[in-house]
Amino acid sequence: MNMNHQRVFITVNPAETRKKALLFIEENLFGEWGLHFGEPVRIIAGCRSIPVLVQPFPASNPTLKLSYDMNQFLSLPAFSDPISVSFHPEGRTIQIGPFFAALTNQTPLQDGSLGEMERFYQEMTSYCNQQGIPFYLVKLQSLQEGIIEGLMTGQNGWETVTLPVPDVLYNRIHSRKLEASHSFELFKIELEARAIPMFNGRFLSKYDVHQLLNQEYELLPSLPDTILFSERETFLPFIEKHSIIYFKPASGSQGKNICRLTQVAGKWKIEPSGKKQELHFADSVEELFNTLKRLSKKQVFILQQGISLFETDRRKVDFRILLHQNDQLKWKISSMVARIGEQGAIVSNLAQGGLMKNGSDFLKEIFDYPEAGRLYQKLIRLAKNTARAIIEHHDESFGELGIDVALDADGHPWIIEVNSKPSKKFQGNYETFRPSVKSIIDFMLTLNYEKHR
C-alpha cells in the first residue's frame, strides 16, 4: 500500500518578500529523494498544486518549510503532528496527504460536539493522526475553487477551516431528502470530474435491495417474500399467502413505523412498533387495506413475509453484522452483535429498547458448542454473500454495510435488512479504536492507492 509515504513535519516561514517560491526541505530527506539544489518541482495538496524551487536546510526531523503564500494557496491548516508526504520522482512532484473527510449534514451542537457521532469522528481523527493523515468533516458545497470549508477538531471542539479538497470521501449524510437533492447530484458530478472517490454514496431502499438480491439464485431461500404496498390486486394474494406480515417504510430506519399484521379469529390485528402505539383491528381485508393506506401517509411502504424469528424468553433475536471491504476489495466481518428485543416487542432494534450482546458469545450461550459454531458460519456466509451481491448489482461504491440477518425457529437463516449507513453509537468494550474505524480508514487508503496507480 505504501506509495513511498513518509511522516514529515510541515512548518511555515512567516510572510517574506522573496519573489521566487522556495521550498526548504530538511537535508537528509532532500538527499533521500535525490533532489538537486534549486531544482523546480511541483508541490500538491488535494486539488491544488504550485511550482517551487527546492533547497536543503538543516533540521532535527524530516521537515518541509513552506513560504507563507505557498501555504495560503494550498489552504493547509496548522499541523502539530507530522503529516504523510510522498515524493514521485517520475513527475518530480511532492504530494502532501492524502486528506480524508466524511461528508455530513450535521452541525455541531451547542456544546461544540456532534452528539452520538462525536465519539466515532474523534476515533477517526485519532486513527488518521497516527497515520499522518488529516481527517475532517465537510458539507455539500462547490469544489470549483479547488479548496473546501471543513470542520476539524481543535481545542474548542469542531472548528471551521479552509482546507484542501479531500482525496477520498466517506458519505455519512443522514438525510435521504438531501441525498435525493440537486445539490447532492452536482457535488457528485464535481467529485467525478476531479476523480475523487466517494463511497457509501446512497441510502438503500428496502424494496430496491430486495429486487437486487432477488437476482441471486443462492440467496433466494433466505429472502423473505416482499412486495410494494400499492394495488389491491397484488395485496390480496399476498395477504392470503402469509399468516404473519410486516408492513415497513421502504426508506425507514431504527425500527420506526413498522407494523406486524396477524390474522386472529377472522380479524386482522395491526401491531405498531414503538411503546405508546395502540393496536388496531380490521374486520375485513378491505378495512385492512384502507387502514394501511391511511398509516402509510402517501409514503412508499413494503409488505414482507413475517418470519417466526428465533426467540429467547419471548424476546425476538436478530443479528447485525458489520462488514467492510479490505485492501483486496474483499468483504470481511468487523463485528457481529445479537440484538435481543424487549419481551413481546415486534422488532429487536436497539432504538426500540432492544439489548445487545456479542453475536458469537450469544450463540454459545444458547446452543451447544458445535451447533453454535455451525450457526455462526451460516450467518457470516449469508452476510458476505449478500454484501457481494449488493456490490455486483449496484453502481455505487460501498466500503461498509450493516446487514441484519436472523434465524427462524428451525435454525434457517434469513436476510432481514441491508443498511448502508450503519449506526455509530458508541458501544464500548474495545481498547482504543472500534474495528470499523480502522477498516474504514484502510479502505480509504486502498481507494487512494488505486486512484494513483
Side-chain angles (χ1 to χ4, degrees), residues 77 79-81 98-139 150-161 163 166 168-175 178 198-200 203 253-256 319-325 332-340 348-359 361 398-404 419-445:
F79 296 120
S80 47
D81 297 310
F99 295 88
F100 289 167
L103 181 65
T104 178
N105 56 323
Q106 267 188 290
T107 302
L109 305 169
Q110 278 189 306
D111 65 358
S113 85
L114 291 163
E116 65 178 47
M117 291 296 284
E118 175 71 19
R119 186 88 189 236
F120 173 69
Y121 287 141
Q122 291 291 357
E123 282 178 49
M124 291 282 279
T125 303
S126 308
Y127 188 65
C128 276
N129 277 352
Q130 284 186 9
Q131 321 268 323
I133 299 168
F135 175 80
Y136 40 99
L137 308 176
V138 298
K139 290 189 169 187
L151 287 170
M152 262 189 142
T153 183
Q155 255 65 52
N156 310 310
W158 295 90
E159 294 161 6
T160 305
V161 240
L163 294 153
V168 182
L169 269 167
Y170 164 44
N171 177 16
R172 280 303 303 193
I173 283 183
H174 276 284
S175 156
L178 190 57
M198 175 168 77
F199 62 100
N200 286 42
F203 273 105
S253 63
Q254 300 187 326
K256 290 178 186 160
F319 300 86
R320 161 64 59 92
I321 299 180
L322 192 58
L323 300 97
H324 291 91
Q325 283 207 68
K332 68 179 179 62
I333 307 293
S334 295
S335 63
M336 169 173 162
V337 295
R339 303 188 303 179
I340 303 146
S348 59
N349 297 67
L350 307 180
Q352 302 293 334
L355 301 169
M356 198 170 63
K357 273 188 180 173
N358 174 293
D361 293 350
F398 293 98
E400 164 179 69
L401 289 170
I403 298 184
D404 297 344
N419 192 332
S420 63
K421 308 280 174 86
S423 159
K424 294 297 172 198
K425 254 188 197 153
F426 180 66
Q427 279 136 16
N429 80 12
Y430 35 81
E431 294 304 299
T432 42
F433 303 110
R434 65 192 85 189
S436 69
V437 165
K438 294 180 179 178
S439 299
I440 291 163
I441 299 303
D442 290 350
F443 184 65
M444 291 175 102
L445 283 165

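Positions are given from 1 along the sequence. All heavy atoms count here, side chains included; hydrogens, waters and symmetry mates do not.
Heavy atoms only, all atoms of each residue included: Arg320 and Gly402 are closest at CD-CA, 3.9 Å. Closest approach of Ser439 and His324 over heavy atoms only: CB-CG, 3.4 Å. Closest of all the heavy-atom pairs between Phe443 and Gly399 is CE2-CA, 3.3 Å. Between Ile441 and Cys128, the shortest heavy-atom contact is CD1-SG, 3.4 Å. When all heavy atoms are compared, the tightest approach of Pro166 to Phe100 is CB-C, 4.3 Å. What you find for Leu163 and Gly150 is that their closest heavy atoms are CD1-CA, 3.8 Å.
Note that the OG atom of Ser423 and the CE atom of Met117 stand 8.5 Å from one another [nearest 0.5 Å]. Separating the OG1 atom in Thr153 from the CE atom in Met124 is a distance of 13.5 Å, to the nearest 0.5 Å. One finds the CZ atom of Arg434 at 7.0 Å from the NZ atom of Lys424 (value rounded to the nearest 0.5 Å). The CG atom of Asn171 sits 9.0 Å away from the CZ atom of Phe199 when rounded to the nearest 0.5 Å. Rounding to the nearest 0.5 Å places CD of Glu400 at 9.0 Å from OG of Ser420. Distance check, rounded to the nearest 0.5 Å: CG of Asn200 to CG of Leu169 gives 12.0 Å.
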Could you walk me through whether Tyr121 and Gln106 pass side chain to side chain contact (heavy atoms under 4.5 Å, CB included), step by step?
-> CA-CA 12 Å; Tyr121 287 141; Gln106 267 188 290; 4.0 Å; yes

For Ile173 and Thr104, run side chain to side chain contact (heavy atoms under 4.5 Å, CB included): C-alpha distance rounded to whole Å, both residues' side-chain angles, the deciding distance at 0.1 Å, then the answer.
-> CA-CA 4 Å; Ile173 283 183; Thr104 178; 5.7 Å; no

Output, in order, the C-alpha distance, side-chain angles, deciding distance and verdict of side chain to side chain contact (heavy atoms under 4.5 Å, CB included) for Arg339 and Asp404.
-> CA-CA 10 Å; Arg339 303 188 303 179; Asp404 297 344; 3.0 Å; yes

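If you check the side chains of Lys438 and Ser334, you find no donor sitting under 3.5 Å from an acceptor.
Each of Asn358, Ile321, Leu322, Ile403 was evaluated against Met336; a single residue qualifies, Ile321, per the side chain to side chain contact (heavy atoms under 4.5 Å, CB included) test.
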Could you list the donor-acceptor pairs under 3.5 angstrom formed by side chains in residues 131-138, with sequence neighbours left out?
unit_1, atom_1, unit_2, atom_2, d
Tyr136, OH, Pro164, O, 2.6

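Scored by the side-chain contact (heavy atoms from CB on, under 4.5 Å) test, Asn129 finds Asp81, Thr125 as partners (sequence neighbours excluded). Taking the side-chain contact (heavy atoms from CB on, under 4.5 Å) definition, one finds that Ser113 meets it with Leu109, Asp111, Glu118, sequence neighbours left out.
The aromatic rings of Phe79 and Phe99 lie tilted to each other, with the angle between the two planes from 30° to 60°.
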